[in-house]
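Notes to accompany the following structure.
Ligands are counted one by one from 1 in listed order, and the atoms in each one are counted from 1 as well. The residues of the chain are indexed from 1 along the displayed sequence.
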Amino acid sequence: MEFSRKVKIAPSILSADFANFGAECRAIEDQGADWVHVDVMDGHFVPNLTFGPAMCAALRTHIRGVMDVHLMISPVDQYLEAYAKAGADVISAHLEAGPHIHRTLQAIRGLGCKAGLAINPGTGIEAVACLLDMVDVVNVMTVNPGFGGQKLIESSFAKVRALRAMIGDRPVHIEIDGGVTNENAGALVAAGADVLVAGSTVFKGGSVAAPQVYGSNIKALRAAAEA
Ligand code: DX5
Ligand code: ZN
């Protein structure tokens, strides 16, 4: 994974066909996805349940590129090794998930993965400042985590701009997660984002039987982001 600020589209498989994940992962990568975003939820930190490490290990065999695992779980530390062994390239943990995010980020890098720090809409970027030298990705949640298909929270733009300034020359990605559309992608990238997670926007209207729809959705989103 070489660092670049070029726009990366990361479809969230939360919007894929749950009975067909292998084919869905292959389809979105064939259709131009840069990263595959896997939303792990525990029914405790967030009010929804999704994938365990065994699921991620199974997905891995269908993903050629970057597997981006977003852990919305608390506690998180005791599960990091299992997700690393499942083949995650990036593991993001939430700042709000426990009292020792510094230790969590150290552990993620120690397992050989890129370390992601996710922050909820209610968390300010001040808390990120002293962690910037130990993260590879900051995941700015632009909806309250738990569900796909929500509307992006407007105050996120200013937050992303301020975070971008705070990051400076550091090789740290800004990932936007939640409510990304063709309408707001350009403004998000202008504010400093380089990874756009998109569930509904990529998967809408498509299927493994009609994967070219994913291709045109990804193309349109990338064009909007780069405009
Ligand atoms: C929300 C997840 C997001 C979400 C994105 O908890 O972290 O990745 O699924 O979905 P859309 O793009 O539909 O908002
Ligand atoms: Zn996510």
Checking His70 against Asp68 for the side chain to side chain donor-acceptor pair (under 3.5 Å) test, could you report, in this order, the C-alpha distance in whole Å, the side-chain angles of both residues, the deciding distance, and whether it holds? CA-CA 6 Å; His70 177 195; Asp68 176 32; over 6 Å; no
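Contacts of Ser200 with ligand 1, taken as heavy-atom pairs under 4.0 Å, involve both backbone and side chain.
Here His94 and Phe45 bring their ring centres to under 6.0 angstrom of each other. Checked against the 6.0 Å centroid criterion, the rings of Phe51 and Phe18 qualify as a close aromatic pair.
The pair Arg170-Asp136 does not count as a salt bridge, with every side-chain nitrogen at least 4.0 angstrom from each carboxylate oxygen. Between Arg164 and Asp194 no salt bridge is recorded (no basic side-chain N to carboxylate O distance below 4.0 Å). Ion pair Arg222/Asp34 flagged as a salt bridge, since at least one NZ, NE, NH1 or NH2 atom sits closer than 4.0 Å to an Asp/Glu carboxylate oxygen.
Considering only non-hydrogen protein atoms, atom 14 (O) of ligand 1 sits nearest to Gly179 N, 2.8 Å. With hydrogens left out, the protein atom closest to atom 6 (O) of ligand 1 is Gly146 N, 2.8 Å, a heavy atom. Atom 5 (C) of ligand 1 has Asp177 OD1, 3.8 Å as its closest protein atom, hydrogens excluded (heavy atom only). Nearest protein neighbour of atom 12 (O) of ligand 1, counting heavy atoms only, is Gly199 N, 2.7 Å.
Ligand 1 places these atoms under 4.0 Å from at least one heavy atom of His37: 8 (O). Ligand-side atoms of ligand 1 in range of Val197: 8 (O), range being under 4.0 angstrom from any heavy atom. Taking every heavy atom of Phe147 and a limit of under 4.0 angstrom, the matching atoms of ligand 1 come to 1 (C), 6 (O). Every atom of ligand 1 with a heavy atom of Met72 under 4.0 Å away is listed here by number and element: 6 (O), 7 (O). Heavy-atom contacts of Gly149 reach the following atoms of ligand 1: 11 (P), 13 (O), 14 (O) (cutoff under 4.0 Å). Near Gly178, with a cut-off below 4.0 Å to any heavy atom, the atoms of ligand 1 are 14 (O). Within ligand 1, counting atoms from 1 as listed, the ones closer than 4.0 Å to a heavy atom of Leu14 are 9 (O). Those atoms of ligand 1 with a heavy atom of Gly148 less than 4.0 angstrom away are 9 (O), 10 (O), 13 (O).
Side-chain atoms of Ser12 and Asp39 include a donor-acceptor pair closer than 3.5 Å.
The CG atom of Leu117 lies 14.0 Å from the CD1 atom of Ile91; values are rounded to the nearest 0.5 Å. In this structure, OG on Ser92 lies 5.5 Å from CD on Glu175, to the nearest 0.5 angstrom.
In the displayed structure, Glu81 atom CD is contacted under 6.0 Å by at most 12 heavy atoms of other residues, nucleotides or ligands. Other residues, nucleotides and ligands place no more than 12 heavy atoms under 6.0 Å from the OH atom of Tyr79.
Ligand 1 has no N or O atom lying under 3.5 Å from any N or O atom of Thr201, backbone or side chain.
Side-chain contact between Ile176 and Asn184 is absent, with no heavy atoms from C-beta onward closer than 4.5 Å.
Exactly one residue among Val69, Leu111, Ile108, Val38 makes a side-chain contact (heavy atoms from CB on, under 4.5 Å) with Tyr83. That residue is Val69.
Listed by chain and number, the protein atoms of type N/O/S under 2.8 Å from the Zn ion (ligand 2) are His37 NE2, Asp39 OD1, His70 ND1, Asp177 OD2; waters are omitted.
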